[in-house]
Amino acid sequence: MQNQQTFRPCDLVIYGALGDLSTRKLIASLYRLEKAGLIEDDTQITGVDLHDKTSTEFIEIAQQSLQKFLNETLDPTVWKQFSARLAYLKIDLTKKQQYKKLASRVDAEKRDLINYFSVAPFLFKHICQGLNQSGILNKRSKVVVEKPLGHDLKSSQEINDAFAEVFNEDQIYRIDHYLGKETVLNLLALRFANSIFTSNWDHNTIDSIQITVSEEVGIEGRWGYFDHTGQTRDMLQNHLLQILTFIAMEPPVNLEAKSIRREKVKVLEALRPITASNVSKKTVRGQYTSGFLNGAAVPGYLEEEGANTESTNESFVAIRVDIDNWRWADVPFYLRTGKRMQSKRTEIVINFKQLPHNIFKDSFQDLPANKLVIHLQKQEGVEVHMLNKVPSLDGNIKLQKTKLDLSFSDSGKEKPVFGGYERLMLETMRSNPTLFLSREEIEQAWTWVDSIQDAWVHQNESPKPYPAGSWGPVASVALLARDGRNWEE
Ligand code: BG6
């Protein structure tokens, strides 16, 4: 291990090691950390699943997954070192007795035990109880768990209760992989390290804020999960609300988990409820029909493999969010996210207010207001949309629109760019919970989202159709047009 930051060796146990998340993302992320010299020498990785496999077979599966998903050739030296850490245990996670097998492999006194739950939620409780009975846990043991953490407030409370029976809150690392993205973290730096933004970040200077998370992918064989989840629970309840809290929160006292989480919860508490009385004005649900994406024909939602042709589930949602606190009074946040949209884009647009008086009418009847545009993906970067003078000897001052590019990609060029999972794995090994969600945050987010879901049930309307490859239903344009605004395109 070349890294100077000290953290203890770990026993990382991945439950559901042969599943999609593990083989696509987790193993690749761990390999990249190995390559970067960021895994402690004595760390071991154990795959647990229901299937009959030997450790040698598991290592072969890991190698094949890396060849498929890594987008780079395996480095033989790194692979040798990495594969030596791997082993496999067959455990039926619903059978408490079988957890004893873990004792042959892990040693929580010598290495911190990290239990990564990469399994369906119905198994969470079984694993907690199985681990509890196995006698291998201690106070340093951790559990890492992925969304979906419930389907609504009640089911998320049940999951959290199951964890709480066995683990203390500080042992639970709840992942939202957006919090592992470089640019989401850069929001903290942008906001709290730069006085030009800090002093211009409220209702006095900001007119409105947009958050767009558009995806090109459709359901990709995930009908069973997605059709009873929908884009609101799949993306808005977590990823978009997390971005929103980073934009809207008050300055935390410091960078410690409890300070940041406290400020995020306050934002979530201040979200104005959306209920049956205002849901049709404030939200738009959409469902994609067939269309074209990148020149190829793609099926509609109801034509996807395994589809229920009667489904009224949403694959798109747009919402006007109001935050009832001092800082954000009368500043709407417009959120939209959808599958099968024109391009993959995660973007935040901060629209500043127009100036009170225009002395440049020769150039613009209405002086365009400044914008701060933060691109999270595909490219990362930050731009300020401004006006400046057209260079000339002309006696009149003529203005032109210009973009000030504040991209930091060049400054980070020499460093390897890691994905969210690498960062989150590393932070777990470092026992730093800052980038993980607290129970309170998740439950507060569900409380707000549940009210919207109830209002939709009451409204009883089908989602608005939108062709795959577009920017969503026309009604989502009308959502902003009603307020005299439009989406940033
Ligand atoms: C996941 C959702 O959490 O995020 C998926 O379950 C979605 O439906 C994915 O496609 C998007 O993640 P990213 O990092 O590609 O924007």
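Every number for a ligand or one of its atoms is a count from 1 in the order of the listing. Every heavy atom of this structure was used, including side-chain atoms; hydrogens, water molecules and symmetry mates were not.
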Inset, instruction - Determine which pairs satisfy ring pair (Phe, Tyr, Trp, His ring centres under 6.0 Å) with at least one residue from residues 281-314, sequence neighbours left out, and list them in order. - result: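 Residue pairs passing ring pair (Phe, Tyr, Trp, His ring centres under 6.0 Å), neighbours aside: W223-Y301, Y288-Y301.
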
Legend entry - ring pair (Phe, Tyr, Trp, His ring centres under 6.0 Å) pairs, two or more places apart, involving residues 153-189: F117-F163, F124-F163, Y173-F436, H177-H239, H177-Y421, Y178-H239

Legend entry - Near-ring test Y466/W471, centroid separation under 6.0 angstrom: no

Legend entry - Side-chain donor-acceptor contact under 3.5 Å, N308 with S311: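 Result is no, nothing qualifies.
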
Inset, instruction - State whether a side-chain donor-acceptor pair under 3.5 Å links R336 with T212. - result: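 T212 and R336 do have a side-chain donor-acceptor pair below 3.5 Å.
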
Quick one: side chains of residues 446-455, donor-acceptor pairs under 3.5 Å with protein atoms, not counting sequence neighbours, listed by atom name and distance.
from, atom 1, to, atom 2, distance (Å)
W446, NE1, L149, O, 3.0
T447, OG1, E443, O, 2.7
W448, NE1, R272, O, 3.0
D450, OD2, L153, N, 2.9
S451, OG, I274, O, 2.5

Using a cut-off of under 3.5 Å, which N/O atoms of ligand 1 pair up with protein N/O atoms, and what distance separates each pair?
from, atom 1, to, atom 2, distance (Å)
ligand 1, 3 (O), K147, NZ, 2.8
ligand 1, 3 (O), H239, NE2, 2.7
ligand 1, 4 (O), H239, NE2, 3.4
ligand 1, 6 (O), K147, NZ, 3.0
ligand 1, 6 (O), D234, OD1, 2.7
ligand 1, 6 (O), D234, OD2, 3.4
ligand 1, 8 (O), R222, NH2, 2.4
ligand 1, 8 (O), D234, OD2, 2.6
ligand 1, 8 (O), K339, NZ, 2.9
ligand 1, 10 (O), E215, OE1, 2.4
ligand 1, 12 (O), H177, NE2, 3.2
ligand 1, 14 (O), H177, NE2, 2.8
ligand 1, 14 (O), K181, NZ, 2.7
ligand 1, 15 (O), K344, NZ, 2.9
ligand 1, 16 (O), Y178, OH, 2.5
ligand 1, 16 (O), K344, NZ, 3.0
ligand 1, 16 (O), Q377, NE2, 2.7

